[in-house]
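Shown next, in structure tokens, is the structure this report addresses.
Every chain is numbered from 1 and lettered A, B, ... according to where its sequence line falls, protein lines coming before strand lines. Below, each value reflects all heavy atoms present in this structure, side chains not excepted, and no hydrogens, waters or symmetry copies. In this text, all values refer to a predicted model and were calculated from it rather than measured experimentally.
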2 protein chains.
Amino acid sequence: MPRKMEGEMLKPMDAEQLREFGHQMVDFVADYYKTIENFPVLSQVQPGYLRELVPSSPPVHPESLQDVLDDVRTKILQGVTHWQSPGYFAYFPSNSSTAGFLGEMLSAGLNIVGFSWISCPAATELEMIVLDWLAKLLNLPDTFLFSGEGGGVIQGTASEAVLVVLLAARDRMLKKLGKDSLGKLVVYSSDQAHSSVQKACQIAGIYPENLRILKTDPSTEYALSPKAFSEAISQDIASGLTPLLLSATVGTTSSTAIDPLPDLGKITKSNGIWFHVDAAYAGSACICPEYRHYIDGVEEADSFNMNAHKWFLTNFDCSALWVKDKKALIQSLSTYPEYLRNKASEANTVVDYKDWQIPLGRRFRSLKLWMVLRLYGQDGLQSYIRNHISLAKNFEELLVQDSRFEVVTPRKFSLVCFRLLPPANHQHEGDKLNRELLDAVNSTGTIFISHTVLSGKYVLRLAVGAPLTEEKHIKAACETLQQKATLLLKAF
Amino acid sequence: MPRKMEGEMLKPMDAEQLREFGHQMVDFVADYYKTIENFPVLSQVQPGYLRELVPSSPPVHPESLQDVLDDVRTKILQGVTHWQSPGYFAYFPSNSSTAGFLGEMLSAGLNIVGFSWISCPAATELEMIVLDWLAKLLNLPDTFLFSGEGGGVIQGTASEAVLVVLLAARDRMLKKLGKDSLGKLVVYSSDQAHSSVQKACQIAGIYPENLRILKTDPSTEYALSPKAFSEAISQDIASGLTPLLLSATVGTTSSTAIDPLPDLGKITKSNGIWFHVDAAYAGSACICPEYRHYIDGVEEADSFNMNAHKWFLTNFDCSALWVKDKKALIQSLSTYPEYLRNKASEANTVVDYKDWQIPLGRRFRSLKLWMVLRLYGQDGLQSYIRNHISLAKNFEELLVQDSRFEVVTPRKFSLVCFRLLPPANHQHEGDKLNRELLDAVNSTGTIFISHTVLSGKYVLRLAVGAPLTEEKHIKAACETLQQKATLLLKAF
């Protein structure tokens, strides 16, 4: 039983208090996972719910941990969307794990700030080592390893990954063309690329009309067509513009489409275009030999990104980025004020990760990735991926047995894109029907799925990837969909 | 005694395994704090030390937690610079606390991704509430609260805070001037401003020659002179340039100088310049009525930033940013892809913090700030700040009793800037002497201090701010400095 803190003032830091309350918090978190299925997966609260439940000012006097934990139970948890619930199938997963949780604890315990090597050598060196490890698991070319001109870095998110490489590419090009040429630079991606590409362009000042969003269609399973890419480049060059960067995707957010890296790589190479590969979600699967072919062609890329926090058992945030030319990154992002000068940096014998990222300060995030890699091992990680893909396959098989549903794009990994077919006399109401189905199943609290639009059609997405999901949850998800479909179709 | 994991395969997530190993990790972290003074504060390892101690590839099979923790003890900790050690006085503090640690645990346990309100309503709403709470503690004007047009947001770092407001200011101005006018925009700060201002300009594409770094000197205690600022503006306007943003600092990194906000605010207002106030370090002190006057004039600011992770008992990272015009932020940073569309966002009744920051995904960081505010209360937090300032005062008093040292700038908060005076016949070697003194004391392992340069002189900085620092550590720090000074002066 947790003890009241009353009478015992919490010190800023005290080993024995941290021990006592830390144990209470471990039990709280363990109990949460034990009872996670009791909560609606998607929070059912209304906007503004919490402000009515809490005071409008912070307390003058200290309160007890017991009171805070009671408030978490009675006020916070109802507003939580439970990403770790076995019924969570929305967006892409962002999985927690025991190892990842332990890594976060250790990182929070040490609470270092690793901007430069000197500010915490182990934080920098462990990050370099585990990024090399992960590159080897993914069978990335050696040119992405620290033994070459390249190297890896943990960014917070894939958004930051594409932003920093865009900045590196932008500045390298403007050095040649002159800084007045910003308005000439063109960035390419498919219409299936993540919104982070657009956001990176906004931040870097790429002119909106120079973000070339190339159309895809079902004929390529929503992959970017090298021909369309080539033609866009030619047209841009003819208009006096300068092709700058391509962000290709392996496993798009909408439907896990795979852009054809080998062919795209040839085109970027012959045109001097920075070739970025965003495998935020699907990168994890590529540690399995049977899926590795999806990133064939990565040899030609200038940068490659996968999110260990999505589907690699590493708690959010942990986005792994590798670049071949680390100098380009550093030239864009480096500052070196007097108060950070030190002998190790001056001797140029160390990596200062502050120059590889947007912020200055950084957490010791490599600890959790290191612990995941060691506590699960390559074997454990591969099993984890394969299990989810197999569960997604089960779901797909169950669903297509019900002829009222169709699978919209071929499933490649753990995402199934599907649609409830509208009745014959309501063909034009398919979108409305699926929108209603989405709301209906998400309101049950047993599952949370999300949606996208493909070729103008509203499509439902079920992504397997929560660490507790088992076959019974897949069956339950399918049943929930079928039950709600029956009700909706009756009302049509 | 921690149990071996052998024979028991670690599952991706399992409540009872998380409980068992979580308890082990709590004990590990508590023991770390118990023995933290046994470690040299500044790590004494050589570059590359860790690669020689670990395998070059990740393991194929899972390893035990015991093995991992052994490696933390024997391989990692020697490479850690112990930011939480009571002998840590370098840079600015980045303090851990029991409450902050518990908050990190809970956040890692829930492991949600709070990009939109819908993705975890409690994460968004608690953040809005605690930012309002903190604004009230700081007595910020109501215009920074959510009840007005403004609001607060947790950024990772002050670097991201200044970047997002610069982007908002840039895009608002370019909307008026046209996007070809980027080369006309001028950003102002003093030469004491943090390097993050320069970095934000690099990222946002502000021309390097249009970053106006205004010189300060001892006559204003290194504060920005409103006259110099006014003159720079006039000159820029006369040259056809457009003043865009001022980043003023309350508590500069080098010497905790205070830019005069009221006078600067008048100038920015009459010139339509975005007025950003960076109080990353000193902002925390302003919750004490006796220090609040240092941010008088914040009423005129467009944005205000303080780092709760520096000196507010909140574990890294947690940088609080308030803006008056949240729409300007959102207009710069918003994207709204189909797969994130939802009714709550569409109805415009909620905050989607993805549009207030660089990344898309975000952690549940408000939990730790909420727990800090509740478990320490306003009283506890004020005592914490006052205690550190009093310890810094003690240090200053001890030091000036030794006439070989001089205090270089008046101490305002918990930072003391000082210098060992060179012997009469070595006047020109003062910098060398202090550089050697820095290395000498940092090599002892008992303290870690850092340096800066003020008016061309190499100056040592001792910043009190680690949560375990007590009077005895202050005395020991002073003694270490004196002992090493004696040795160095002998050799001169």
Highest number of heavy-atom pairs under 4.5 Å with chain B among Arg362(A), His309(A), Lys343(A), Arg170(A) belongs to Arg170(A)

Whatever's closer than 4.5 Å to a heavy atom in chain B on Ser119(A) counts as both

Min side-chain heavy-atom separation Tyr339(A)-Val453(B) under 4.5 Å = no

Output yes when a side-chain donor or acceptor of Glu125(A) lies under 3.5 Å from a complementary backbone atom of Gly48(B), and no otherwise.
yes

| query | Can you tell me if Lys136(A) uses its side chain to pair, donor with acceptor, with the backbone of Ser56(B) under 3.5 Å? | reply | yes

**Asked** Taking 4.0 angstrom as the limit, do Arg374(A) and Asp71(B) come out as a salt bridge?
**Response** yes

| query | Taking the side chain from Lys179(B) and the backbone from Pro208(A), do they hold a donor-acceptor pair closer than 3.5 Å? | reply | no

Please examine the side chains of His194(B) and Leu360(A), heavy atoms only from C-beta on, and report whether any two atoms are closer than 4.5 Å. yes

*asked:* Phe21(B) vs Leu375(A), test: side chain to side chain contact (heavy atoms under 4.5 Å, CB included). Steps then yes/no.
replied: CA-CA 12 Å; Phe21(B) 298 126; Leu375(A) 294 177; over 6 Å; no

Any side-chain heavy-atom pair of Thr124(A) and Leu50(B) under 4.5 Å:
no

inquiry  = Any side-chain to backbone donor/acceptor pair from Gln198(A) onto Thr335(B)? Under 3.5 Å, distance only.
reply    = no

Ser96(B) side chain to Leu110(A) main-chain N or O, any donor-acceptor pair under 3.5 Å?
-> no

query: With distance as the sole test, does Asn111(B) use its side chain to make a donor-acceptor pair with the main-chain N or O of Ser94(A) at under 3.5 Å?
result: yes

**Asked** Hey, is Asp132(A) close enough to Arg51(B) for a salt bridge, meaning N to O under 4.0 Å?
**Response** yes

Bottom line for Ile36(B): the part with an atom under 4.5 Å from chain A's heavy atoms is neither

Practice prompt. State plainly whether the residues Asp31(A) and Arg19(B) are in salt-bridge range, i.e. N to O under 4.0 Å.
Written response: yes

Do Pro12(B) and Tyr384(A) have side chains that get closer than 4.5 Å, going by heavy atoms?
yes

**Parallel, tilted or perpendicular, as decided by the 30° and 60° cut-offs, for the rings of Phe115(B) and Trp83(A)** = perpendicular

| With side chains defined as the heavy atoms from C-beta onward, is the minimum distance between Pro58(A) and Leu137(B) less than 4.5 Å? | yes

